[in-house]
Structure formats: structure tokens, C-alpha cells
2 protein chains.
Amino acid sequence: MAETMRVHTLGGEDLLFLTDEQIRRGIEAMFFAYRAFTADPDLILAGMDYGRAHHRALHFIHRDPGLTVTSLLAVLGVTKQSLNRVLRTLIEDGLVESRVGRRDRRERLLHLTAEGAALERRLSEAQRARMRQAYRAAGPQAVAGFRQVLEAMMDPDTRAQYQSMKDLPE
Amino acid sequence: MAETMRVHTLGGEDLLFLTDEQIRRGIEAMFFAYRAFTADPDLILAGMDYGRAHHRALHFIHRDPGLTVTSLLAVLGVTKQSLNRVLRTLIEDGLVESRVGRRDRRERLLHLTAEGAALERRLSEAQRARMRQAYRAAGPQAVAGFRQVLEAMMDPDTRAQYQSMKDLPE
DNA sequence: TTGGAAAGTCAACAAGACTGCCCTATCAAG
DNA sequence: CTTGATAGGGCAGTCTTGTTGACTTTCCAA
């Protein structure tokens with residue numbers, strides 16, 4: 001710890017950001033911000049019989065229609081059963097469609113139905129509204145820094161996955 | 001949505017950061033980064049009979065020794081019962097001490113024991129190591145932006161609470 | 001053709017959040 | 001000194017979301 005303590009007294013104010021106390025502030029900011037980040041969609045979901053896990057599934061099926069259960073598993077980083085329960089209710093309720101793979105019939109290719117897409121849009125828009133407001137308040141430079149730090153924080157495998165995700169055409 | 005779509009084609013590249021797609025990328029970055037953010041302490045906790053909730057309690061008791069149960073409740077944003085379960089085990093196991101308030105004897109003032117402080121340090125250091133590495137990789141400007149966006153994302157009440165927290169003297 | 005591996009499903013369980021209700025101790029104000 | 005509000009704690013029950021482990025179906029390669 002001593003390694004990074006009070007570095008600014010040696011090297012100038014630039015390195016204040018590496019003191020344990022500044023890092024601790026970042027940790028707390030992360031905790032509080034994440035809570036807010038999930039609050040809006042959670043509120044919408046609360047009424048229905050769904051939760052945060054359903055939102056995440058809808059999000060990634062939307063971003064990559066036709067992905068397999070296994071790929072979704074990898075992106076979400078949960079176990080099969082955890083996802084399965086969520087997926088089953090989404091399919092039963094007609095929000096997600098699971099088509100048998102043509103190439104490999106063991107695979108199930110996941111798509112949103114019109115209804116699923118509608119819910120995804122609603123949840124997404126609630127979450128985006130908060131982000132948009134934060135982005136606007138902080139400005140483009142801050143946003144660039146925000147993204148850089150988040151990327152640097154990810155596990156290398158996750159980062160590679162994240163970076164290789166294509167932007168959605170609008 | 002159309003409101004912020006392709007704004008950069010009108011106003012120049014500066015506003016690319018406000019397109020829905022860029023905001024969506026930020027949302028995903030937030031999700032992936034938060035998962036990494038909690039992974040290290042979770043791994044340590046997994047062995048013991050504790051979880052993420054215990055970590056959070058230890059963290060905030062460490063940052064503000066002698067705080068009351070009610071204040072901790074407010075900071076964590078959970079219900080009494082939820083916190084109580086966690087707090088009870090921590091007290092039973094001798095990591096946290098609960099002293100009757102002198103001014104108001106209804107209050108319980110929470111402190112870490114030496115053992116509690118040791119665990120807090122261990123968890124904290126695991127989490128800080130990742131943050132420190134991310135901060136170093138991204139640089140001071142990025143860190144400033146990171147913090148700005150996170151603050152802007154919080155609920156106003158939380159933000160006020162966050163901003164009024166004092167830095168710990170080292 | 002057959003045996004292993006991969007994809008997906010299901011059953012049972014645990015952590016951690018929630019609500020609602022009840023209890024005690026203490027304080028402060030009429 | 002009573003009475004109402006506040007701080008804290010506890011019990012019962014529920015929900016979401018995570019876990020492990022065992023099972024079927026399907027594919028592919030020896």
C-alpha cells in the first residue's frame with residue numbers, strides 16, 4: 001500500500017489519483033453509481049414477474065439475434081441453470097423465440113419476438129435516459145475517460161469479448 | 001431516441017458520445033466492469049461463510065467508525081432485516097463490535113475489531129489492486145472523467161451523501 | 001457403429017434481498 | 001409521569017438469482 005501513498009508529495013499533483021484514498025473514493029463511486037444504474041429498469045421489472053437477469057438476457061439477445069445459449073452463457077458469466085430459468089419464462093411468455101439450429105441441431109438460436117423487443121426497448125430506454133443525462137452533465141472528455149477506466153478494469157477475456165462486439169447499426 | 005441519434009452528423013464528432021449506440025456501449029462497459037470489480041473480494045469471501053453484503057458492511061464501518069446502525073442502513077440502501085443478518089454474524093464472529101451510545105443509549109455504535117479491520121484490509125486491498133491497475137493504465141485525465149460520470153449517474157440524495165463523505169486520513 | 005463430448009434441460013439448494021408484524025429500550029415533550 | 005416517537009432487534013415467509021450435479025439429445029470422429 002505504501003507503494004502508492006502520498007505519491008503526489010513527490011511527483012506533483014498528477015499522481016494524487018493513485019493514492020489509496022483516491023482509489024477508495026473510486027470504489028465507493030462505483031458502488032453508488034451501479035446501484036443507480038440498475039434502479040430504473042429494476043423498477044419497471046418489479047411490476048412484472050421479471051428481474052434483472054431477464055433484462056440482461058433481453059439486452060444481449062437484442063444486440064446479437066440468433067446467438068446460442070452457450071454464447072449467451074459466456075457473455076453473462078453465469079451458469080446454465082441460472083440462465084435457463086430466466087430463458088424458460090421468457091420463452092413461455094412469448095418474449096423470446098428459441099429456434100433449433102440448422103447447422104447443428106443441438107444448438108438453440110435465440111431471437112426476440114416483437115413483444116420481447118418492445119420490452120427490451122422500454123427497459124433500455126429507461127437505463128439510457130440516466131446514462132445520457134450523466135454523459136451530458138460530464139461532457140465528452142469525461143465520457144472517454146469513463147470508458148477507458150471501465151475497460152481497464154475488466155478481466156482480459158471479458159475485455160476482448162467487449163471490444164469485439166460490433167456496434168449495432170441503428 | 002431519435003433526439004440523440006446521429007447527432008454527430010449535424011454537430012461534428014464531439015457529440016458522437018451521445019448517440020444511443022455509444023450510450024449502449026457505456027451500459028455494457030458498466031456491466032462488465034462491475035462484474036470484475038466485485039470478483040476479487042467475492043473470491044476471498046467465498047471460502048469463509050461471508051458474502052458481498054459482509055464486505056460492504058465492513059467497508060463502511062471502517063470508513064466511519066462509530067456510525068449507528070441507522071446510518072449504515074442509509075448508506076447501504078437495504079432494509080433493516082437484510083443488514084441485521086449480516087451484522088449479527090459479524091458481531092458473533094468478533095469482527096465488529098457494537099457499543100451502546102453514550103449520548104443516546106438506544107443507538108448502537110459500530111466499530112471494527114482488530115480481526116475485522118484485518119479482513120477489511122485484505123478485501124479492500126484486493127479490490128484496490130484492480131482499481132489501481134486500471135487507474136494506472138488509463139491515466140489521471142481518464143480517472144477524473146470516470147469519477148465525474150459516476151457522480152453524475154448517482155441519485156441526487158446518494159450523490160450528496162457521497163460528496164459529504166470525508167476522505168480518510170491515512 | 002459406437003463412444004465421447006457438446007448443447008441444453010431439470011431438480012434441489014443457498015445467499016441475500018424484500019415485506020409485514022411484533023417486541024424492547026430509550027428519549028423527549030406535554 | 002404518561003405518551004408517542006425513535007433505535008434497534010427478531011421471526012416468518014417470499015422472491016430472485018446464483019450454485020452443483022445428474023440427465024437427454026445430438027453430433028462427430030475413431
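Throughout, a chain's letter reflects where its sequence line sits, starting with A, and its residues are numbered from 1.
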In whole angstrom, give the distance that lies between atom CG of A:L76 and atom P of D:dT19.
11 Å

In whole angstroms, the gap separating C1' of C:dA17 from CG of A:L45 amounts to 15 Å

In numerical order, the residues of residues 87-112 of chain A whose heavy atoms come under 4.0 Å of DNA chain D are A:D104, A:R105, A:R106

Does the distance from a Lys or Arg side-chain N to an Asp or Glu carboxylate O, for A:R35 and A:D42, drop under 4.0 Å?
no

My understanding is that only residues two or more places apart in sequence, or in another chain, count here; which of them pass ring-ring contact (aromatic ring centres under 6.0 Å, His included) with A:F37?
A:Y34

Distance check: side-chain N/O of A:H54 vs OP1/OP2 of D:dT17, anything under 4.0 Å?
yes

Between C1' of D:dG18 and CD of A:Q81, the distance in whole Å:
10 Å

Salt bridge flag under 4.0 Å for residues B:E120 and B:R63
no

Among C:dT9, C:dT19, D:dG18, which nucleotide has an atom closest to any side-chain atom of A:K80?
C:dT9

Closest to the side chain of B:N84, out of C:dA12, D:dT17, D:dG9, is D:dG9

Rounded interatomic separation in angstrom, taking CG from A:L72 and C1' from C:dT9
15 Å

Ignoring hydrogens and angles, write down the donor-acceptor pairs under 3.5 Å from the side chains of residues 79-95 of chain A, residues two or more places apart or on other chains.
unit_1: A:T89; atom_1: OG1; unit_2: A:H54; atom_2: NE2; d: 3.2
unit_1: A:T89; atom_1: OG1; unit_2: A:V86; atom_2: O; d: 2.9
unit_1: A:D93; atom_1: OD2; unit_2: A:Y50; atom_2: OH; d: 2.3

Report which part of the nucleic acid A:R85 touches: base, sugar-phosphate, or nothing (heavy-atom distance under 4.0 Å, all strands).
base

Regarding the side chain of A:V69, the nearest nucleotide among C:dG16, C:dG8, D:dT19 is C:dG8

Atom CD of B:Q161 with >12 non-hydrogen neighbours under 6.0 angstrom:
yes

Would you indicate, yes or no, if C:dG8 has its OP1 or OP2 atom less than 4.0 angstrom from a side-chain nitrogen or oxygen of A:T70?
yes

Check the distance between C:dA15's P and B:M48's CE and give it to me in whole angstrom.
15 Å

Take A:T79 and A:D49, find for each the nucleotide of DNA chain D with the closest heavy atom, and name the residue whose nucleotide sits nearer the 5' end.
A:D49

Round to a whole Å and report the spacing from CG of A:L83 to P of C:dG8.
10 Å

Rounded to the nearest 0.5 Å, what separates atom CZ in A:F31 from atom CZ in B:F60?
5.0 Å

Going by atom types only, do A:Q148 and B:Q141 share a side-chain donor-acceptor pair under 3.5 Å?
no

Any side-chain N or O of A:R56 less than 4.0 Å from the OP1 or OP2 oxygen of D:dG18?
yes

